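Order of the sequence lines sets the chain letters (A, B, ...), proteins ahead of strands, with each chain counted from 1. Fair warning: this is a prediction, and the values are worked out from it, not measured in the lab.
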Amino acid sequence: MANLNIDSKKERTYDAIVIGSGISGGWSAKELTERGLKTLVLERGRDVKHNVDYPTTNMMPWEFKHRGQIPYEIQQENPVVSKCYAFREDAMHFFVKDKEHPYIQDKPFDWIRGYQVGGKSLLWARQTQRWSEFDFEGPKRDGFAVDWPIRYKDLAPWYSHVEKFAGISGNKDGLAELPDGEFLPPIELTCVEKHFKEQVAKHYGNRHVIIARCAHITDPQPIHLEQGRTQCQHRVLCQRGCPFGGYFSSNASTLPWAARTGKLTLRPNSVVHSIIYDETKGKAVGVQVIDALTKEAVEYYAPIIFVNAAAINTNLILLNSKSNRFQNGLGNDNGLMGKYVAFHNYRARISAEYDESFMESTTKGRRPTSGYIPRFRNVYKQETDFLRGYAAGFDSNRYNEMDNDGLGASLKDKLAQTKLGPWRVGSHMMGETIPKETNYVALDPTVKDEWGMPQLKISIGYDDNDEKMIKDFHEQLSEMYTKAGFKNIQTFDSKQAPGLDIHEMGGVRMGRDPKTSLLNEWNQLHACKNVFVTDGACMTSTSTQNPSLTYMALSARAVDYAVKNVKA
Amino acid sequence: MNRRLVLKQLAMATAGAILLPACGVDPKKVSIALDHLNVNGDDEELLAEIAETIIPATDTPGAKAVGAHLFTFVMVDDCLDKPEQEKYLKGLRSFNEAAKKIGGKSFLKASPEERLQILTAIEKDKDNLPEEIKTFYSRTRQYTVQGYTASQHFLTDIKPYQLIPGPNFKGCIPVTEQKPA
């Protein structure tokens with residue numbers, strides 16, 4: 001019997017364990033296996049194999065019973081996820097249903113989750129802007145949160161590393177506030193977007209309109225073909241999973257790549273309960289898993305553990321990893337774990353029309369990205385009564401304004417015609433929010449989920465800085481739109497709860513001082529150095545850029561460090 | 001329950017199902033499976049003719065041929081709440097009365113021209129109609145147009161939808177070269 005146990009333990013021992021298979025977990029797995037480490041990837045959800053498990057990917061619009069709409073009963077059962085723009089009939093199977101995974105909202109928080117192999121990398125908006133020096137120096141310069149322990153130069157080579165592999169389309173714009181990367185050819189701006197770009201450049205010194213950088217292969221390189229991926233076909237049905245691998249996802253890219261090394265073991269349906277800490281060794285030795293289907297507990301062991309469970313669930317796992325040494329969660333000596341959670345403020349929008357010129361022109365085809373306005377507020381110096389600033393999307397299009405009046409044959413004729421309306425332009429705000437101790441997630445002391453995990457209490461809200469920023473966005477964009485000749489300008493505030501931006505970050509922040517942060521400059525827990533956190537939980541501040549590219553770069557960088565420095 | 005018993009019961013249930021149509025219980029059943037909406041074959045026939053009046057067959061198929069009326073039932077069945085469904089049903093059931101008031105005869109007995117006149121009168125006089133007729137008509141019109149413009153026929157022959165357009169986005173082309181995408 002004793003020998004059997006030893007053998008069984010051996011079989012459950014790896015060189016590294018990665019918790020989570022989403023965008024950062026996929027990268028951790030790829031980098032670990034490429035360096036020869038036998039790696040176990042634990043995913044709490046079901047398996048989703050590239051192409052095999054994309055049931056809707058080749059469906060025509062008329063094949064959807066409700067033409068995309070979510071039926072009433074499903075909406076009623078899932079009030080939170082139903083608010084998400086991508087929760088539609090074609091992709092609803094990739095979203096967590098509210099009812100199945102409850103949490104406690106001390107304040108309204110729309111927690112959008114994707115529990116499956118690949119996680120939300122199947123569903124993301126694929127926007128990949130680099131952070132700049134201005135973003136990393138932000139907390140120190142402006143006196144909030146704590147100083148980032150790294151700067152742009154530390155991450156720049158890792159941005160390049162992940163960009164080349166993922167395939168990032170973009171234009172070299174030469175902007176200090178949004179550094180250029182390793183770009184495949186850019187996708188085009190429309191004539192009205194180019195017009196806006198010129199007008200903004202003419203009227204403002206430091207404001208720019210560019211084509212957004214995105215994780216779409218516009219010119220496949222050998223490294224992409226080797227992954228079995230090819231050129232983006234502009235279907236813009238990405239949320240269904242892409243049969244071309246035209247956009248980057250763990251499923252199409254990093255996970256099959258890791259599997260090909262022969263070093264990867266992927267275990268879906270594995271809910272990580274906690275990380276096991278060995279007091280005599282002074283380090284983590286493995287993880288405890290609850291099988292999602294059988295509810296059986298099983299332990300896995302490794303000398304290196306990467307936590308990539310997605311920002312809030314990474315907080316949950318670490319807070320739940322209690323031991324005699326760490327009674328408030330693994331590495332949580334200062335009691336700050338779960339606190340200083342922040343997000344992106346996506347409440348504000350603005351729209352307008354343009355018919356002064358380009359009325360003989362229109363666009364052709366579908367575009368998987370849009371225009372982008374990098375942050376221009378408070379970049380070089382503080383200039384407003386609020387801290388930090390916002391980036392914005394910028395999009396223009398002419399729609400077929402179908403005339404639905406009339407009845408019978410005349411209505412039918414109208415439906416067959418194409419009657420282009422004016423150019424319609426719009427922007428949405430992506431505002432930096434300031435991490436605060438009062439914005440936190442915590443374990444509920446009593447309520448547990450189906451797998452015996454404590455439910456999370458989420459208490460995250462907007463503040464005065466956010467409200468001022470919304471006002472400024474509406475004012476500044478209105479002024480820019482007016483100067484460009486746009487008419488019928490309308491501003492909106494969706495008042496949406498935090499969370500719907502799906503950019504929640506922090507709770508296990510990086511920093512220089514173990515007294516005020518949880519992770520060091522290599523994403524190691526200060527107090528438990530063989531545990532690395534490289535997903536959204538590690539973020540000290542949020543900046544304005546869509547964060548996934550930065551998680552990819554942090555993951556690759558941390559793996560490189562871990563393999564060189566952590567002894568088995 | 002043992003396996004043999006289950007099989008036996010299953011066989012009997014299947015036999016019953018096969019026998020049913022032969023008994024001729026109700027020949028006018030709705031032709032699709034619905035979960036909530038209690039409608040019959042007569043309702044379906046009426047809805048089909050209303051939809052066909054909204055978008056008639058010409059040299060190309062109309063609403064009925066592309067199943068826009070059935071799509072309407074599906075959407076009412078799955079995508080509306082119970083009070084809205086009930087209002088819709090009430091409107092459907094009293095529609096013939098409203099039609100008789102306007103045109104002097106039931107909708108199905110009216111000629112295509114007369115049917116068009118009835119619907120035109122309803123559209124013009126929207127504000128003076130009972131709430132349920134208004135609801136029924138506007139929902140039927142909305143879903144008929146949606147069902148027709150999102151039908152295989154429309155998206156293949158009228159405005160072809162491209163599932164795989166290829167990397168062809170152009171930010172600026174002359175309007176004259178525009179094709180739907």
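- Of the possible polar contacts, none joining the A/Glu77 side chain to the A/Asp98 backbone as a donor-acceptor pair under 3.5 Å is found.
- The two residues A/Pro185 and A/Thr218 have their closest heavy-atom pair at O-OG1, 2.8 Å.
- Ranked by heavy-atom pairs under 4.5 Å with chain B, the first of A/Gln417, A/Met359, A/Met59, A/Gln75 is A/Gln417.
- More than 12 heavy atoms of other residues, nucleotides or ligands shown are found within 6.0 angstrom of CD on B/Glu84.
- Looking at B/Thr120, both its backbone and its side chain come within 4.5 Å of chain A, counting heavy atoms on both sides.
- For the pair A/Tyr247 (side chain) and A/Cys238 (backbone), a donor-acceptor distance under 3.5 Å is present.
- Note: B/Thr135 OG1 to B/Tyr88 OH = 10.5 Å, rounded to the nearest 0.5 Å.
- Using a 30° and 60° split on the angle between ring planes, A/His195 and A/Phe486 fall in the tilted class, from 30° to 60°.
- In this structure, chain A has a heavy atom under 4.5 Å from the backbone of B/Ala57, while its side chain stays farther away.
- Contact annotation for A/Asp405: only backbone heavy atoms (N, CA, C, O) come within less than 4.5 Å of a heavy atom of chain B.
- Ranked by heavy-atom pairs under 4.5 Å with chain B, the first of A/Ala409, A/Ser410, A/Pro71, A/Gly408 is A/Gly408.
- In terms of heavy-atom pairs under 4.5 angstrom with chain A, the leader among B/Pro174, B/Cys79, B/Gly62 is B/Cys79.
- Residue B/His153 does not touch chain A at all, counting heavy-atom pairs closer than 4.5 Å.
- Within the 4.5 angstrom heavy-atom criterion, only side-chain atoms of A/Phe244, from C-beta onward, approach chain B.
- At a 4.5 Å heavy-atom cutoff, the contact between A/Lys65 and chain B is made by backbone and side-chain atoms alike.
- Contacts between A/Glu360 and chain B at a heavy-atom distance below 4.5 Å involve the backbone alone (N, CA, C, O).
- One finds a salt bridge joining A/Glu356 and A/Lys487 here, because a Lys/Arg side-chain nitrogen approaches an Asp/Glu carboxylate oxygen to under 4.0 Å.
- Atom NZ of A/Lys197 sits about 7.0 Å away from atom CD1 of A/Ile210, to the nearest 0.5 Å.
- Heavy-atom distances place the side chain of A/Asn400, and not its backbone, under 4.5 Å from chain B.
- For B/Phe71, the part lying near chain A is the side chain, with the backbone staying farther off; criterion is any non-hydrogen pair under 4.5 Å.
- Side-chain atoms of A/His66 and B/Asp78 include a donor-acceptor pair closer than 3.5 Å.
- For A/Lys364 and A/Glu188, the salt-bridge test fails: no basic side-chain N is under 4.0 Å from an acidic carboxylate O.
- Between chain A and the residues B/Asp81, B/Leu155, B/Val145, the most heavy-atom pairs under 4.5 angstrom are made by B/Asp81.
- In this structure, no portion of A/Ile74 lies under 4.5 Å from any heavy atom of chain B.
- Using a 4.5 Å cut-off between heavy atoms, B/Glu52 makes no contact with chain A at all.
- Contacts of B/Thr58 with chain A are made by both backbone and side-chain atoms, with heavy-atom separations under 4.5 Å.
- Residue contact with chain A, scored on non-hydrogen atoms closer than 4.5 Å, is absent for B/Arg115.
- Distance check: A/His216 NE2 to A/His234 NE2 gives 8.0 Å after rounding to the nearest 0.5 Å.
- Between the side chains of A/Ser253 and A/Gln227, at least one donor-acceptor pair of N or O atoms lies under 3.5 Å.
- Comparing A/Gly246, A/Gly406, A/Pro368, A/Ser396 by heavy-atom pairs within less than 4.5 Å of chain B, the highest count is held by A/Gly406.
- Among B/Pro112, B/Pro56, B/Ser151, the residue making the largest number of heavy-atom pairs under 4.5 Å with chain A is B/Pro56.
- Residues A/Glu63 and A/Arg240 are not paired through a salt bridge, judged by the lack of any N-O separation under 4.0 Å between the basic side chain and the carboxylate.
- At a 4.5 Å heavy-atom cutoff, the contact between B/Ile54 and chain A is made by backbone and side-chain atoms alike.
- Using a 4.5 Å cut-off between non-hydrogen atoms, no part of residues 98-105 of chain B approaches chain A.
- If you measure heavy-atom distances from A/Ile187 to chain B, the contacts under 4.5 Å come from the side chain alone.
- Using the six-membered ring where Trp is involved, A/His50 and A/Tyr54 have ring planes that are perpendicular, over 60° apart on the 30 and 60° scheme.
- At a cut-off of 3.5 Å, with distance as the only test, no side-chain donor of A/Thr190 or A/Arg398 sits close to an acceptor on the other residue.
- The two atoms that bring A/Ala125 and A/Tyr85 nearest to each other are CB-OH, 4.0 Å, heavy atoms only.
- Residue contact with chain B, scored on non-hydrogen atoms closer than 4.5 Å, involves the side chain of A/Leu420 exclusively.
- With rounding to the nearest 0.5 Å, the separation of CD in B/Glu86 from CG in B/Leu80 is 11.5 Å.
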